[in-house]
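Just below is one structure, and these are the notes that go with it.
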Amino acid sequence: MSVEENIKQKALSLGFDLVGITSAQDIDSTQKDQFNNWLQNGCNGQMEFLARNIDNRFKPSTVLPDAKSVICAAINYKIKPITEKNYLQIASYALYPDYHTFIKDKLSALADFLKSIDKDVKYKICVDSSAIAEKAIAMRAGIGFIGKNRLITNQKFGSFLLLGEIVTSFKLEPDAPIEKQDCGKCKKCIEACPTGALCENGFDARKCISYLTIEHKSEIAKELQSKIGKRLFGCEECLKACPYNEKSPICEKKQIGFEAKNVKLTAEEVLGWTEKEFNAFAQNSVIHRTGLERIKRNALICRELREPQQLP
Ligand code: B12
Ligand code: SF4
Ligand code: SF4
């Protein structure tokens with residue numbers, strides 16, 4: 001088996017569903033231009049962090065100076081559809097243990113494996129936090145295409161995928177990049193988006209319920225509040241609508257500690273939370289970062305302004 005195949009086998013044995021390799025060369029400059037245009041149009045809203053260190057996002061070698069390759073791994077997090085309609089909705093990825101820590105731990109074990117092949121190998125692990133353009137890297141590593149919903153979509157696993165990377169000095173043979181978007185004429189995600197945040201060639205985070213409920217720090221505009229419905233944290237209408245997610249497998253990773261919680265919450269319960277109760281609920285979850293104040297702001301919207309079709 002080649003060294004690349006060995007690394008991939010190891011990644012799969014650690015619980016990843018997909019793994020691909022790309023070189024550490026800069027990401028094609030047209031993507032950087034697209035990103036800058038997006039920022040110039042203000043589509044990042046209050047996510048100022050996206051406007052910092054822009055060059056680094058498109059240059060893996062700024063993460064690790066003698067970088068030669070990037071190993072990109074993805075984990076499937078699709079849960080069984082929730083049929084219960086009476087409770088607040090939380091995006092499925094937030095029902096799992098915090099993926100930043102989970103994926104970092106798994107990638108550390110993979111990095112140990114690299115070290116066992118070459119003890120001098122250098123590496124840096126990235127999951128969201130180090131500002132690299134993860135989707136562009138994943139596409140180049142052959143993981144999937146970027147769909148009209150702006151998410152990495154794999155033919156077999158769909159788009160309920162979370163990504164992480166190892167930028168390394170190890171010189172590895174890259175996989176074939178994915179260059180074509182396989183959405184065809186489909187635009188189900190665009191039609192399903194409650195706020196019109198998605199369009200054929202664009203995405204405006206300022207209208208995205210995921211952004212509004214997770215990242216937006218101040219009051220949410222009234223016209224958008226009415227679209228939030230019962231979504232307490234995040235949104236995934238554009239994933240649920242995607243035909244690639246219809247037949248994709250459900251995540252079965254209980255044995256490695258990656259299991260979604262079954263959460264049943266009402267707006268009244270959330271509004272009554274003390275800081276201690278919130279911390280107990282959000283411990284080891286991405287929800288913790290958003291903080292109790294914003295979660296209560298969201299719960300108030302869920303209670304006050306439900307979409308007309310959701311009213312009893
Ligand atoms: C900021 C951010 C958000 C913001 C903005 C989302 C966005 N689409 O940009 C908000 C808070 C809204 C958000 C929401 C979500 N996010 Co988010 N988010 C990020 C983060 C930190 C940066 C993304 C970014 O740079 N956006 C700015 C835009 C302009 O860049 P971009 O969409 O990546 O597009 C660039 C390139 O990909 C390229 N490009 C875009 N389209 C195409 C198409 C083709 C054909 C080509 C060639 C190039 C190309 O051009 C752009 C310029 O470089 C990444 C992690 C990371 N470091 O990358 C996670 C990440 C994208 N998020 C993720 C997830 C899971 C989500 C949610 C599903 C969570 C939820 N359920 O609420 C939603 C999905 C919303 C959506 N439809 O995008 C995952 C996505 C995994 C996947 N399958 O792709 C990531 C990769 C985190 C991770 N480590 O797994 N997120
Ligand atoms: S996460 Fe929700 S609001 Fe955001 S683009 Fe997808 S469907 Fe639209
Ligand atoms: S719903 Fe259709 S258009 Fe949207 S990402 Fe999936 S295949 Fe592409």
Side-chain angles (χ1 to χ4, degrees), residues 18 27-39 41 43-47 49-51 54 57-58 72-77 89-95 99-100 103-104 126-140 143-154 157-165 177-216 224 227-229 231 233-246 286 290:
L18 294 161
I27 295 167
D28 148 23
S29 64
T30 54
Q31 299 204 33
K32 188 167 154 188
D33 296 344
Q34 280 181 39
F35 188 87
N36 274 319
N37 278 342
W38 190 77
L39 289 176
N41 290 330
C43 295
N44 57 323
Q46 296 175 347
M47 296 184 290
F49 66 91
L50 288 173
I54 294 174
R57 266 178 200 281
F58 299 91
C72 177
I75 193 160
N76 166 29
Y77 68 96
Q89 292 167 17
I90 295 177
S92 359
Y93 82 111
L95 299 172
Y99 72 93
H100 302 95
I103 294 182
K104 264 187 194 148
C126 308
V127 186
D128 259 14
S129 48
S130 309
I132 76 168
E134 294 192 289
K135 288 180 275 178
I137 285 282
M139 202 169 66
R140 211 172 69 185
I143 298 284
F145 65 90
I146 300 177
K148 290 179 191 168
N149 60 7
R150 315 297 284 185
L151 295 167
I152 283 288
T153 307
N154 174 272
F157 284 97
S159 53
F160 282 103
L161 291 171
L162 293 164
L163 306 173
E165 305 77 32
I178 292 186
E179 275 153 0
K180 191 173 139 281
Q181 186 186 62
D182 272 331
C183 289
K185 291 205 169 75
C186 175
K187 45 180 185 180
K188 289 189 172 178
C189 52
I190 299 173
E191 288 159 359
C193 176
T195 56
L198 291 169
C199 64
E200 196 71 37
N201 289 310
F203 167 75
D204 188 345
R206 290 167 298 185
K207 290 187 188 166
C208 174
I209 294 171
S210 177
Y211 161 76
L212 292 168
T213 56
I214 302 171
E215 300 287 347
H216 188 76
L224 290 167
K227 316 274 185 198
I228 288 178
R231 298 177 194 90
F233 185 94
C235 171
E236 52 193 15
E237 298 309 319
C238 55
L239 288 96
K240 287 197 263 179
C242 181
Y244 284 98
N245 290 327
E246 261 166 42
V286 286
T290 296

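Numbers here simply count residues along the sequence, with the first being 1. None of these values were measured; they are calculated from a predicted model. We count ligands from 1, going down the list as the structure has it; atoms in each ligand are counted the same way.
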**Test of proximity, Gln34 against ligand 1: N or O pairs below 3.5 Å** = yes
**Request:** Give a yes or no answer on whether the side chain of Glu165 reaches the backbone of Cys72 with a donor-acceptor pair at less than 3.5 Å.
**Result:** no
**Tyr211-ligand 1 polar pair, N/O distance under 3.5 Å** = no
**Asked** Which ligand 1 atoms are under 4.0 Å away from a heavy-atom of Ile132?
**Response** 56 (C), 57 (N), 58 (O)
**Request:** Could you say whether the N/O atoms of Tyr99 and ligand 1 ever approach to under 3.5 Å?
**Result:** no
**Request:** Within a distance under 4.0 Å of any heavy atom of Cys242, pick out the atoms of ligand 3 and give their elements.
**Result:** 1 (S), 6 (Fe), 7 (S)
**Request:** Check whether any side-chain N or O of Gln31 sits under 3.5 Å from a backbone N or O of Ala136 as a donor-acceptor pair, and report yes or no.
**Result:** no
**Request:** Check whether any N or O atom of Ser210, backbone or side chain, sits under 3.5 Å from an N or O atom of ligand 1, and answer yes or no.
**Result:** yes
**Message:** Between the side chains of Glu237 and Lys240, is the shortest nitrogen-to-carboxylate-oxygen separation below 4.0 Å, so that they form an ion pair?
**Reply:** yes
**Asked** Is the shortest heavy-atom distance from the side chain of Ile137 to the side chain of Leu163 under 4.5 Å?
**Response** no
**Message:** Polar contacts were defined as any N/O atom of the residue lying under 3.5 Å from an N/O atom of the ligand; does this apply to Leu163 and ligand 1?
**Reply:** yes
**Message:** Test your reading of the structure: does Glu236 have an N or O sitting under 3.5 Å from an N or O of ligand 1?
**Reply:** no
**Inter-residue atom distance Thr153.OG1 - Ile143.CD1, 0.5 Å rounding** = 12.0 Å
**Nitrogen or oxygen atoms of Val127 and ligand 1 under 3.5 Å apart** = no
**Message:** Once you restrict to heavy atoms under 4.0 Å, what part of Trp38 touches ligand 1? Side chain, backbone, both or neither.
**Reply:** side chain
**Request:** Please examine the side chains of Lys32 and Ile27, heavy atoms only from C-beta on, and report whether any two atoms are closer than 4.5 Å.
**Result:** no
**Request:** Within a distance under 4.0 Å of any heavy atom of Ala91, pick out the atoms of ligand 1 and give their elements.
**Result:** 71 (N)
**Request:** Would you tell me which option among Met139, Arg150, Gln181, Arg206 has the nearest heavy-atom contact to atom 40 (C) of ligand 1?
**Result:** Arg150
**Message:** For atom 49 (C) of ligand 1, tell me which residue out of Leu151, Ile146, Asn149, Ile178 has the closest non-hydrogen atom.
**Reply:** Ile146
**Exam field: side chain Tyr211 to backbone Asp204, donor-acceptor pair closer than 3.5 Å** = no
**Asked** Does ligand 1 have an atom that lies less than 4.0 angstrom from a heavy atom of Arg57?
**Response** yes
**Message:** Only heavy atoms of Tyr244, strictly under 4.0 Å: list the atoms of ligand 3 that pass.
**Reply:** 7 (S)
**Asn149 (side chain) donor-acceptor with Cys238 (main chain) under 3.5 angstrom** = yes
**Prompt:** Under 4.0 Å from any heavy atom of Cys235, which atoms of ligand 1 are there?
**Reply:** 70 (C), 71 (N), 72 (O)
**Asked** Is the NZ atom of Lys187 crowded by more than 12 outside heavy atoms at less than 6.0 Å?
**Response** no
**Message:** Taking distance alone, with N or O pairs closer than 3.5 Å, would you say Leu161 contacts ligand 1?
**Reply:** yes
**Prompt:** Do Phe49 and ligand 1 have an N or O pair less than 3.5 Å apart?
**Reply:** no
**Item:** Arg231 (side chain) donor-acceptor with Ile228 (main chain) under 3.5 angstrom
**Value:** yes
**Asked** Counting backbone and side-chain atoms alike, does Cys183 have an N/O/S atom under 2.8 Å from atom 8 (Fe) of ligand 3?
**Response** yes
**Prompt:** Does Phe58 come within less than 4.0 angstrom of ligand 1, counting non-hydrogen atoms of the residue?
**Reply:** yes
**Request:** To the nearest 0.5 Å, tell me how far Leu95 CG sits from Gln89 CD.
**Result:** 11.0 Å
**Asked** Contact residues of ligand 2 with a heavy-atom cut-off of under 4.0 Å?
**Response** Cys193, Pro194, Thr195, Leu198, Phe203, Cys208, Ile209, Cys235, Glu237, Cys238
**Item:** Ligand-side contact atoms (ligand 1) for residue partner Cys238, heavy atom cut-off under 4.0 Å
**Value:** 77 (N)
**Message:** Side chain or backbone, does Glu215 bring an N or O within less than 3.5 Å of an N or O on ligand 1?
**Reply:** no
**Request:** Taking only heavy atoms of Leu162 into account, list the atoms of ligand 1 that are under 4.0 Å away from them.
**Result:** 65 (C), 90 (O)
**Prompt:** What atoms in ligand 1 come closer than 4.0 Å to a heavy atom of Tyr93?
**Reply:** 69 (C), 70 (C), 71 (N), 72 (O)
**Prompt:** Do Phe58 and Phe35 have their ring centres less than 6.0 Å from each other?
**Reply:** yes
**Check: Glu134 side chain, Asp128 main-chain N or O, donor-acceptor pair, under 3.5 Å** = yes
**Message:** Between Ser159 and Tyr244, is the side chain to side chain contact (heavy atoms under 4.5 Å, CB included) condition met? List the steps.
**Reply:** CA-CA 7 Å; Ser159 53; Tyr244 284 98; over 6 Å; no
**Prompt:** Taking Leu161 as the fixed residue, which of Ile75, Leu239, Leu18 is the one that meets the side chain to side chain contact (heavy atoms under 4.5 Å, CB included) rule?
**Reply:** Leu18
**Message:** Is there a side-chain contact between Arg150 and Leu198 in this structure, where contact means two heavy atoms from C-beta onward sitting under 4.5 Å apart?
**Reply:** yes
**Message:** At less than 4.0 angstrom from any non-hydrogen atom of Ser159, what atoms of ligand 1 do you find?
**Reply:** 83 (N)
**Main-chain N/O of Gly234 paired to Thr213 side chain as donor or acceptor, under 3.5 Å** = yes
**Message:** Check whether Lys148 reaches the backbone of Cys186 with its side chain - one donor and one acceptor, N or O, closer than 3.5 Å.
**Reply:** yes
